[in-house]
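In what follows, a structure is listed as structure tokens, so that the remarks can point back to it.
Keep in mind it's a predicted model, so treat the numbers as computed, not measured.
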Amino acid sequence: MTKISFVRHGQSTSNCQKRLQGQGESDITELGLLQAQSLERRLKNSKFDFIYSSPLKRALKTAEVITKKRCQPIIRSDLLKEINLGIWEGKLIEDIQRETPKEYDDFNLRPHIFAITGGETFEEVQKRAEKFLNYVSKEHKDKSILAFSHGVLIRTACALAEKKPLSEVWNTDKIDNTSITVISVENGNFKVTSLGEDSHLHLIQKETSCMN
């Protein structure tokens with residue numbers, strides 16, 4: 001059995017500013033750094049045979065914080081990138097709601113039909129997630145993988161593993177920043193064994209406002 005532990009990146013500046021970032025770049029905040037450091041302490045005794053990361057700055061920075069004491073390379077994979085949001089990238093959510101209300105409602109309520117100019121569909125993101133799962137389970141059979149990625153990618157991977165339609169991709173437990181979601185792969189079958197687990201975040205003080 002191959003075990004893939006997906007970690008969502010730490011809080012980013014765009015998360016804090018309530019912008020949709022997609023594949024746009026943003027760094028992690030001070031709170032995001034604390035989240036990553038807390039997860040590093042939690043995982044310090046956990047063994048991972050291979051470490052992968054989305055090349056986007058917020059995921060890669062999170063990966064670097066958590067793996068800095070490990071003598072292992074971080075393998076960058078475009079398959080782990082967040083959904084491409086086209087013309088929405090970098091825009092404030094309130095502006096998107098005002099300018100393209102139908103598309104915004106589709107994104108949140110009808111993800112299976114969501115489409116935006118210059119962007120990806122949820123189905124296209126899920127195909128990337130499936131390709132990654134199949135690749136690592138073939139190349140690293142019976143190994144433990146740590147993979148740093150993003151909210152939509154992780155959710156579509158879970159929907160695939162649980163055989164849920166994309167219309168239900170948001171109908172899961174919350175996947176917070178630096179939470180861990182584990183998917184196992186055995187004989188080509190996917191199974192979610194842990195979803196959005198974030199007990200390590202209880203070790204840091206909950207903030208009522210963003211830290212920059």
Side-chain angles (χ1 to χ4, degrees), residues 6-29 31-32 35 53-62 76-134 147-179 181 183 190 192 195-196 198 208-210 212:
F6 287 96
V7 174
R8 186 185 171 202
H9 60 83
Q11 184 197 66
S12 70
T13 54
S14 288
N15 291 152
C16 190
Q17 296 164 0
K18 299 189 184 304
R19 295 180 185 274
L20 287 185
Q21 49 201 333
Q23 293 185 5
E25 290 288 22
S26 59
D27 208 341
I28 60 173
T29 63
L31 178 56
Q35 292 168 338
S53 178
S54 156
L56 297 178
K57 185 187 295 184
R58 58 193 184 274
L60 195 57
K61 178 63 175 180
T62 303
R76 304 185 190 194
S77 174
D78 287 343
L79 296 175
L80 292 171
K81 283 184 176 181
E82 181 59 294
I83 185 172
N84 184 332
L85 289 175
I87 61 172
W88 280 1
E89 295 200 348
K91 286 190 173 184
L92 291 170
I93 292 175
E94 61 181 359
D95 291 339
I96 291 170
Q97 289 176 297
R98 184 182 67 254
E99 295 168 3
T100 50
K102 179 188 179 303
E103 289 81 359
Y104 187 74
D105 282 347
D106 285 346
F107 181 83
N108 290 287
L109 304 175
R110 298 171 290 275
H112 57 297
I113 66 169
F114 169 75
I116 193 67
T117 302
E120 287 181 296
T121 64
F122 279 71
E123 182 179 4
E124 288 171 326
V125 178
Q126 188 176 63
K127 286 180 179 177
R128 284 200 279 111
E130 183 176 19
K131 188 174 181 180
F132 178 78
L133 290 170
N134 285 330
F148 294 85
S149 190
H150 307 267
V152 173
L153 186 290
I154 296 170
R155 285 181 179 277
T156 60
C158 290
L160 178 71
E162 296 178 330
K163 296 181 172 58
K164 290 183 178 180
L166 284 173
S167 59
E168 297 181 18
V169 76
W170 296 117
N171 299 338
T172 62
D173 291 338
K174 193 172 183 181
I175 297 179
D176 280 326
N177 297 114
T178 71
S179 66
T181 296
I183 297 179
F190 306 141
V192 177
L195 179 64
D198 62 357
T208 57
S209 61
C210 290
N212 292 302

Problem - Atom of Leu153, atom of Leu79 and distance for their closest heavy-atom approach - result: CD2-O, 3.6 Å
Handout entry: Arg110 and Asp106 ion-paired at < 4.0 Å
Key = yes
Exercise for the section: Kindly determine whether Phe148 and Leu60 satisfy side-chain contact (heavy atoms from CB on, under 4.5 Å), including the steps that lead there. Expected result: CA-CA 7 Å; Phe148 294 85; Leu60 195 57; over 6 Å; no
Practice task
Mind checking the OG-CG spacing from Ser179 to Leu195? Nearest 0.5 Å is all I need.
Solution key: 8.0 Å
Exercise for the section: Search all heavy atoms of Ile183 against all heavy atoms of Ala161 and return the closest pair with its distance. Expected result: CG2-CB, 4.3 Å
Exercise for the section: Could you give me the CA-CA distance, side-chain angles and deciding distance for Thr172 and Arg155, then say whether side-chain hydrogen bond (donor to acceptor under 3.5 Å, both in side chains) is met? Expected result: CA-CA 8 Å; Thr172 62; Arg155 285 181 179 277; 2.4 Å; yes
Exercise for the section: Of all the heavy-atom pairs spanning Leu133 and Ala157, show the shortest one and how long it is. Expected result: CD1-CB, 4.5 Å
Handout entry: Within-4.5 Å side-chain heavy-atom neighbours: Ser149 and Ile154
Key = yes
Exercise for the section: Let me see the working for Tyr104 and Trp88 under side-chain contact (heavy atoms from CB on, under 4.5 Å), right down to the final yes or no. Expected result: CA-CA 10 Å; Tyr104 187 74; Trp88 280 1; 4.3 Å; yes
Fill in the blank from the handout: The reported gap from OG in Ser26 to NZ in Lys57 (rounded to nearest 0.5 angstrom) is 8.0 Å
Handout entry: Within 6.0 angstrom of Glu124 CD, more than 12 heavy atoms from elsewhere
Key = yes
Handout entry: Any donor-acceptor N/O pair, Gln126 side chain to Thr156 backbone, under 3.5 Å
Key = yes
Exercise for the section: Identify whether the distance between the nearest side-chain nitrogen and carboxylate oxygen of Glu82 and Arg58 falls below 4.0 Å. Expected result: no
Handout entry: Approximate separation, where rounding is to 0.5 Å, of Lys91 NZ and Gln17 CD
Key = 16.0 Å
Problem - Nearest-0.5 Å distance that lies between atom NZ in Lys174 and atom CG in Asn177 - result: 9.0 Å
Handout entry: Pair Glu120 + Arg128: basic N to acidic O under 4.0 Å
Key = yes
Practice task
Might you work through the side-chain contact (heavy atoms from CB on, under 4.5 Å) test for His150 and Ser54, ending with a clear yes or no?
Solution key: CA-CA 8 Å; His150 307 267; Ser54 156; 2.8 Å; yes
Handout entry: Short N-O contact, Lys102 and Asp105, less than 4.0 angstrom
Key = no
Exercise for the section: Output yes when a side-chain donor or acceptor of Thr181 lies under 3.5 Å from a complementary backbone atom of Gly196, and no otherwise. Expected result: yes
Practice task
Answer yes or no: are there more than 12 heavy-atom neighbours, outside Lys81 itself, under 6.0 Å from its atom NZ?
Solution key: yes
Practice task
Let me see the working for Thr178 and His9 under side-chain hydrogen bond (donor to acceptor under 3.5 Å, both in side chains), right down to the final yes or no.
Solution key: CA-CA 5 Å; Thr178 71; His9 60 83; over 6 Å; no
Problem - Flag for Asn15-Ser12: side-chain donor and acceptor within less than 3.5 Å - result: yes
Exercise for the section: Taking the six-membered ring for Trp and the single ring otherwise, decide whether the centroids of Phe122 and Phe107 are under 6.0 Å apart. Expected result: yes
Problem - Evaluation steps, salt bridge (Lys or Arg N to Asp or Glu O under 4.0 Å), between Glu89 and Arg19 - result: CA-CA 8 Å; Glu89 295 200 348; Arg19 295 180 185 274; over 6 Å; no
Problem - Spatial distance of atom OG (Ser167) from atom CG (Leu109) [nearest 0.5 Å] - result: 11.5 Å
Exercise for the section: Provide the closest heavy-atom pair for Gly10 versus Thr62 in the form atom of the first, atom of the second, distance. Expected result: N-OG1, 3.0 Å
Handout entry: Pair Trp170 + Phe114: ring centers closer than 6.0 Å
Key = no
Problem - Residue pair Leu80 / Ala147: nearest heavy atoms and the distance that separates them - result: CD1-CB, 4.2 Å
Handout entry: Distance in Å, Cys158 SG paired with Asp173 CG, rounded so as to fall on 0.5 Å steps
Key = 10.0 Å
Completion exercise
All heavy atoms of Leu20 vs all of Ile96, minimum pair found to be CD1-CD1, 3.5 Å
Practice task
Check for a donor-acceptor pair, side chain of Glu25 on one end and backbone N or O of Leu56 on the other, with a separation under 3.5 Å.
Solution key: no
Exercise for the section: Start with the C-alpha gap between Val169 and Lys164, add the side-chain angles, then the distance that decides, and say whether side-chain contact (heavy atoms from CB on, under 4.5 Å) holds. Expected result: CA-CA 8 Å; Val169 76; Lys164 290 183 178 180; over 6 Å; no
Practice task
Give a yes or no on whether the backbone of Glu103 and the side-chain of Thr100 come within a donor-acceptor separation of less than 3.5 Å.
Solution key: no
